[in-house]
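Below you'll find the structure, written out as structure tokens, and then a few comments.
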2 protein chains.
Amino acid sequence: MSIKHGLLALLERGPMYGYQLRVAFEESTGGTWPLNIGQVYTTLSRLERDELVRALPENEGGQRPYEITEAGRADLAGWFGTPISRSDRPRDELAIKLALALTTPGVDARTVMQTQRTATMRTLQEYTRLKSGAGNGDLAWRLVLDAMIFQAEAEVRWLDHCEASLVRYAPLPAAPIESTAHDQEGVSK
Amino acid sequence: MSIKHGLLALLERGPMYGYQLRVAFEESTGGTWPLNIGQVYTTLSRLERDELVRALPENEGGQRPYEITEAGRADLAGWFGTPISRSDRPRDELAIKLALALTTPGVDARTVMQTQRTATMRTLQEYTRLKSGAGNGDLAWRLVLDAMIFQAEAEVRWLDHCEASLVRYAPLPAAPIESTAHDQEGVSK
DNA sequence: CGACACATGTAACACGTTACATGATTTG
DNA sequence: CAAATCATGTAACGTGTTACATGTGTCG
């Protein structure tokens with residue numbers, strides 16, 4: 001759904017051909033999400049089939065530009081006018097993974113959380129580096145980067161929250177018991 | 001990818017048949033993400049083809065349970081052991097939408113943001129209601145809910161951040177000028 | 001009996017990814 | 001000339017959704 005409307009939005013600026021669309025799309029998101037060129041052509045075919053775009057005659061350079069139709073404009077307006085609801089977002093694989101980790105024998109949920117946290121922190125640093133690195137006159141791409149940062153931060157916070165909940169729920173997971181008479185501390189709460 | 005490993009994780013608890021798997025999967029995530037039953041059967045076929053699960057003989061009740069294989073166990077361990085990276089997550093449709101809204105003629109990015117914000121706030125309230133509503137002995141499903149809450153909160157924060165950036169970048173979008181000498185109020189902050 | 005939950009499957013379709021095939025133009 | 005970039009497309013495959021077809025058992 002995303003790409004379809006993305007292409008329509010780009011065509012709203014004026015007629016463009018496939019290759020151009022890919023470049024423009026990647027520019028809009030700062031190259032964060034590479035768009036496969038094959039996908040562009042197949043999507044354009046479907047858009048043409050649905051009469052949301054119209055192919056223009058091949059020009060001198062052998063390029064096949066498309067223009068948006070009235071129906072396409074209407075569809076695009078609908079997209080921009082309607083908020084994206086939770087239900088049409090993909091399942092959160094990480095949440096599922098952690099939920100299942102809790103009840104899968106032989107899997108330590110804590111380890112899963114910590115591994116994920118480390119990885120997420122690393123990409124978070126990468127994003128911050130990217131952000132400061134480029135001067136970026138480009139507002140759109142800066143906001144996309146911020147979106148990824150906000151999400152990654154939320155993920156880290158959630159992971160911490162999960163670990164806290166786990167500790168409260170199951171203080172120590174079959175803690176290795178010293179045979180000597182040492183105390184085991186810090187288990188409270 | 002998600003469902004494949006989800007089913008494997010459930011089968012790690014012991015052999016189950018399709019219908020059972022769907023119920024168990026939905027229970028794990030508190031019914032937040034309904035899983036289509038057709039999907040379960042097709043996924044099981046593929047898992048069997050790849051020898052990650054093995055079909056057991058049909059039992060009295062006419063049910064066809066599956067059990068996880070050694071290869072399946074290995075695959076599952078790999079899933080749990082490897083963090084989910086940003087690159088194998090789906091594109092963030094909202095971020096794309098907003099980035100494109102900024103450069104699409106005839107579209108007011110501010111309106112798009114505000115519409116989205118309202119919708120997200122509403123689902124956020126719904127989540128909080130859900131959370132307090134059920135007593136929930138179930139840790140897994142509580143954490144899944146929290147994940148959605150954390151995400152939605154991050155989204156709202158991001159939207160606010162976007163609006164602030166927009167204001168700084170383009171203080172007033174071709175503000176309609178009153179021909180009379182009246183002030184225009186209430187535009188700030 | 002009729003509705004509903006249980007249970008299994010297939011077919012059609014949409015979307016995304018990867019890889020392959022092909023050719024023109026530019027540039028070192 | 002060779003390599004890179006520009007440019008268009010097709011085929012195969014994985015995954016997900018919806019809808020359809022079918023049958024059993026149970027409960028009001």
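In what follows, chains carry the letters A, B, and so on, assigned in the order in which the sequence lines appear, proteins first and then strands, with residues in each chain numbered from 1.
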**Request:** For C/dG16, take OP1 and OP2 only and decide whether either is under 4.0 Å from a side-chain N or O of B/R89.
**Result:** no

**Message:** Please tell me whether B/T103 and A/R13 have a donor and an acceptor in their side chains that are separated by less than 3.5 angstrom.
**Reply:** yes

**Prompt:** 5'-most contact on DNA chain D: A/Q63 or A/T42, nearest heavy atom basis?
**Reply:** A/Q63

**Message:** Let's go through A/E48 and A/R64 carefully: what are the C-alpha distance in whole Å and the side-chain angles of both, what is the deciding distance for salt bridge (Lys or Arg N to Asp or Glu O under 4.0 Å) to 0.1 Å, and is it a yes or a no?
**Reply:** CA-CA 12 Å; A/E48 192 180 12; A/R64 308 191 153 279; over 6 Å; no

**Asked** Between B/E58 (CD) and C/dC6 (P), how many Å, whole number?
**Response** 19 Å

**Prompt:** Will you find, in the side chains of B/Q116 and B/W158, an N or O donor that is under 3.5 Å from an N or O acceptor?
**Reply:** no

**Asked** Is any side-chain nitrogen or oxygen of B/R64 closer than 4.0 Å to OP1 or OP2 of C/dA7?
**Response** no

**Message:** Output the rounded distance in Å from NZ (B/K4) to C1' (D/dT15).
**Reply:** 11 Å

**Prompt:** How many Å lie between CG on A/D88 and C1' on D/dG16, as a whole number?
**Reply:** 14 Å

**Message:** Taking only side-chain N and O atoms of A/Y41, does any of them lie within less than 4.0 angstrom of OP1 or OP2 on D/dG9?
**Reply:** no

**Prompt:** Among side-chain atoms of A/E163 and A/Q114, is any donor-acceptor pair under 3.5 angstrom?
**Reply:** yes

**Request:** Ignoring backbone atoms, establish whether A/R91 has a side-chain N or O less than 4.0 Å from OP1 or OP2 of D/dT17.
**Result:** yes

**Item:** D/dA7 phosphate, OP1 or OP2, under 4.0 Å from A/Y17 side-chain N/O
**Value:** yes

**Closest listed nucleotide, where the reference is the side chain of A/I37 and the choices are D/dG16, D/dT8, C/dA7** = D/dT8

**Asked** Across the strands shown, which category fits B/R22 at heavy-atom distances under 4.0 angstrom: base, sugar-phosphate, nothing?
**Response** nothing

**Asked** Between A/R73 and A/E12, is there a side-chain N and carboxylate O pair less than 4.0 Å apart?
**Response** yes

**Asked** A/L7 CG to C/dC15 P: how many Å, rounded?
**Response** 12 Å

**Fill in**
Which of C/dC6, D/dT15, D/dG9 is nearest the side chain of A/Y66? It is D/dG9

**Complete:** Of D/dT8, D/dT18, C/dA7, the nucleotide closest to the side chain of B/N36 is D/dT18

**Request:** Could you please name the option among C/dC6, C/dC15, D/dG16 that lies closest to any side-chain atom of A/Q39?
**Result:** C/dC15

